[in-house]
Every structure is written in C-alpha cells, then in structure tokens.
Amino acid sequence: MSTPLIEIKNMDVAYQKQLVLSNVTLSVFDHDFIGIIGPNGGGKTSLIKAILGLLKPVKGSIKHSLKRSEFGYLPQGSKVDESFPITVKEVIASGLEHGLKLGFGTARNRQSKVEQALETVGLEALHSRSIGELSGGELQRTMLARAIISSPRLLVLDEPDTHVDNLFETELYALLKELNKNITILLVSHDIGIISPYIKSIACVNRDLHYHASNEINEEQLKVYNCPIEIIAHGPVPHRVIKEHIH
C-alpha cells in the first residue's frame, strides 16, 4: 500500500482544555475523496484545522507526507471586503503568493496559471469583475480557483456550499469530482444526501471518528457510528423520509 498523505493515530484535540476530538485515527491516500459529516459542534472543523496544522494534538500524532505548498484550502463562509477594489483575477492570483518557491515566479507563468484556474471554474468571462459585484456562487468559484491555482495535491473544503444557490451547488460537486482525478479531496458537509454521488468514502465525526469505506450509508450505520444527522434524499423534488408516527 502507498504511503498516506495524512496519517492520524489516536489523536486528541482540545480547545482551552476542553476535549473536542477523542482518539481519532484516519489515513488519507492519493485520490481519496472523503466526505466528513457529523452534527454541529461535533468536531468536523477542528479535524480540518488539525490536518492543516492550525491546531496541535494534545495526544496521539498526525503526520504529513506533503509540503505546506501542496495544500489547498477553502474555509467555511469565505468572507471578503466587498468594497475593496480588487478583481476576480487578482483574488485568484493571490493564491500564488509563494509563486517563486512553486516555480510560478515569472509573469508569464503566473498569468498562465491564473487563466487555467479561471477556465477550470468557468469564470473566464468575469475575470475583470470587481469582487463586490459577484453572486454567492461566483464568489465561491473565485475562492475555489484561488485554492487550486498552485496545483495542490490535497484540497480541503469546509462546507463550500454555504450561502450558494442549488444550481451552483450541483455544479460545484460535479467540478470537485473532476478535480479528484488529480487531487485528493477532504470535504466537510452537513448534507450527506447531496454529496454521496460524488465522494468515495465517509468519515463520521462526533468527538470520535468512524470511517466508512463507501459513499453509501444508511440510518442504522449512522447510529452505530454515533453520527446523529438526517439523511435527506435529493431528486426532482427534495424530500425527507420521516418514520411513521404512532399516536
């Protein structure tokens, strides 16, 4: 078996001495596409921060076979100052702030990377638009392009569909599935129903972590994994399956 990009063993993470993750073990390999699910406050974002090196374990270990420049990150609810005079192209190019180290130091190379990222997320026609004029979906496309412009080996996304419309949500996951051909992806989501066709496996996080080596999961498995979330089926009319009520 190949060497994991990320290897977590028996990891505890705490905020101000309060344990938020307990005895977590997870291995992430090339071309994985892992959906990270769980209840609010269950530790999903803490897991991501530990993987990114923003939180240090209080117990156990987390090892990377990646350089810092090989991480791409799209945080939850990407916020920008809409009044700041910066264009879509300039925001995306800011993802190359370490361009000299990455080999994109020349103006021609940087321009080429920006154009490639614009094309990947379908924003070529908006490259000169001010960031304050974008819709929620267009802004997320811009921030995703910024996250992938340096050709990362691992892309981490924390609920990237927050505050976007349903059309962009579907397009986003289709794009991530295409990116997964070359990039390993960790995706935090509150909605297993919509991400299941795109991901390859599932990590259920509710203080501890249970890994499910498939993109299909049922209510009974969620109970076993201590992952109290709802499964919502998506189709022409989104619907929730509700058990029979006995009066």
Side-chain angles (χ1 to χ4, degrees), residues 2-7 28-34 36 45 47-55 62-81 84 86-129 131 134 137-162 164 168 171-188 198-200:
S2 59
T3 302
L5 300 182
I6 307 290
E7 187 168 22
V28 181
F29 294 90
D30 262 323
H31 304 296
D32 275 351
F33 193 161
I34 303 176
I36 301 172
T45 297
L47 175 63
I48 290 302
K49 288 183 176 180
I51 289 172
L52 294 171
L54 303 176
L55 280 176
I62 178 167
K63 296 180 181 178
H64 304 78
S65 62
L66 298 171
K67 301 174 183 176
R68 291 188 66 85
S69 60
E70 294 178 309
F71 282 82
Y73 177 45
L74 182 59
Q76 183 178 5
S78 301
K79 295 181 180 179
V80 296
D81 183 352
F84 191 74
I86 189 170
T87 65
V88 167
K89 181 170 64 176
E90 290 168 335
V91 170
I92 295 172
S94 69
L96 289 174
E97 60 187 38
H98 302 299
L100 290 175
K101 295 181 181 179
L102 296 171
F104 308 137
T106 69
R108 178 177 296 180
N109 284 342
R110 291 173 65 86
Q111 179 65 21
S112 175
K113 295 298 292 185
V114 171
E115 291 175 356
Q116 181 181 344
L118 282 165
E119 181 179 356
T120 298
V121 300
L123 286 179
E124 305 100 304
L126 302 182
H127 72 276
S128 60
R129 182 167 295 184
I131 200 74
L134 300 180
E138 290 164 350
L139 176 59
Q140 282 297 76
R141 286 178 186 270
T142 301
M143 301 311 291
L144 176 59
R146 185 184 185 277
I148 65 172
I149 191 172
S150 61
S151 303
R153 291 181 63 193
L154 176 66
L155 177 62
V156 180
L157 306 105
D158 192 354
E159 298 199 19
D161 56 357
T162 304
V164 300
F168 171 72
E171 293 175 348
L172 169 67
Y173 291 123
L175 173 58
L176 292 178
K177 188 170 184 177
E178 183 66 22
L179 289 173
N180 183 232
K181 293 177 181 178
N182 298 304
I183 301 174
T184 302
I185 299 177
L186 300 180
L187 170 67
V188 175
Y198 306 99
I199 61 176
K200 295 176 179 176

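The closest side-chain heavy-atom distance from L74 to P160 is below 4.5 Å. Between L52 and V156, the closest side-chain pair of non-hydrogen atoms falls below 4.5 Å. At least one side-chain heavy atom of L118 sits less than 4.5 Å from a side-chain heavy atom of V88. With contacts defined as side-chain heavy-atom distances shorter than 4.5 Å, the pair V28/P4 does not qualify. With contacts defined as side-chain heavy-atom distances shorter than 4.5 Å, the pair V121/T142 does not qualify. Under the 4.5 Å side-chain criterion, counting only non-hydrogen atoms from C-beta, L172 is in contact with L144.
The salt bridge (Lys or Arg N to Asp or Glu O under 4.0 Å) search around E119 returns none, not counting sequence neighbours. Under the rule for a side chain to side chain donor-acceptor pair (under 3.5 Å), D32 has no partner lying at least two apart in sequence or in another chain. Remark: K89 pairs with T87, V114, H127 by the side chain to side chain contact (heavy atoms under 4.5 Å, CB included) rule, at least two apart or across chains. Taking the ring-ring contact (aromatic ring centres under 6.0 Å, His included) definition, one finds that Y73 meets it with nothing, sequence neighbours left out. Partners of A147 by side chain to side chain contact (heavy atoms under 4.5 Å, CB included), not counting sequence neighbours, listed by chain and number: L155. Residues satisfying the salt bridge (Lys or Arg N to Asp or Glu O under 4.0 Å) criterion with E7, sequence neighbours excluded, are K9. Partners of I86 under the side chain to side chain contact (heavy atoms under 4.5 Å, CB included) rule, at least two apart in sequence or in another chain, are F84, E90, V91, I131. For T120, there are no side chain to side chain donor-acceptor pair (under 3.5 Å) partners at least two apart in sequence or on another chain. Remark: K63 engages no residue in a side chain to side chain contact (heavy atoms under 4.5 Å, CB included) (not counting sequence neighbours).
Summarising the geometry, atom NE2 belonging to H64 is positioned 7.0 Å from atom CD1 belonging to I51; distances are rounded to the nearest 0.5 Å. Between the CD1 atom of I36 and the CG atom of L157 there is a distance of 10.0 Å, given to the nearest 0.5 Å. Of the inter-residue distances, the one linking F29 atom CZ with I6 atom CD1 reads 11.0 Å to the nearest 0.5 angstrom. A distance of 9.5 Å separates CG in L154 from OG in S65, rounded to the nearest 0.5 Å. Note that the CD1 atom of I34 and the CG atom of L187 stand 10.5 Å from one another [nearest 0.5 Å]. Interatomic distance, I92 CD1 to Q116 CD, rounded to the nearest 0.5 Å: 11.5 Å.
With no hydrogens or angles considered, no side-chain donor-acceptor pair links S150 and K113 at under 3.5 Å.
For residues 172-188, the side chain to side chain donor-acceptor pair (under 3.5 Å) pairs, not counting sequence neighbours, are D161-Y173, E178-K181, N180-K200.
Considering every non-hydrogen atom in both Y198 and A174, the closest pair reads CE2-N, 3.9 Å. For the pair R129 and L134, the tightest heavy-atom approach, listed with the atom from each and the gap, is CD-CD2, 3.7 Å.
Between the side chain of R153 and the backbone N or O of E70 there is no donor-acceptor pair closer than 3.5 Å.
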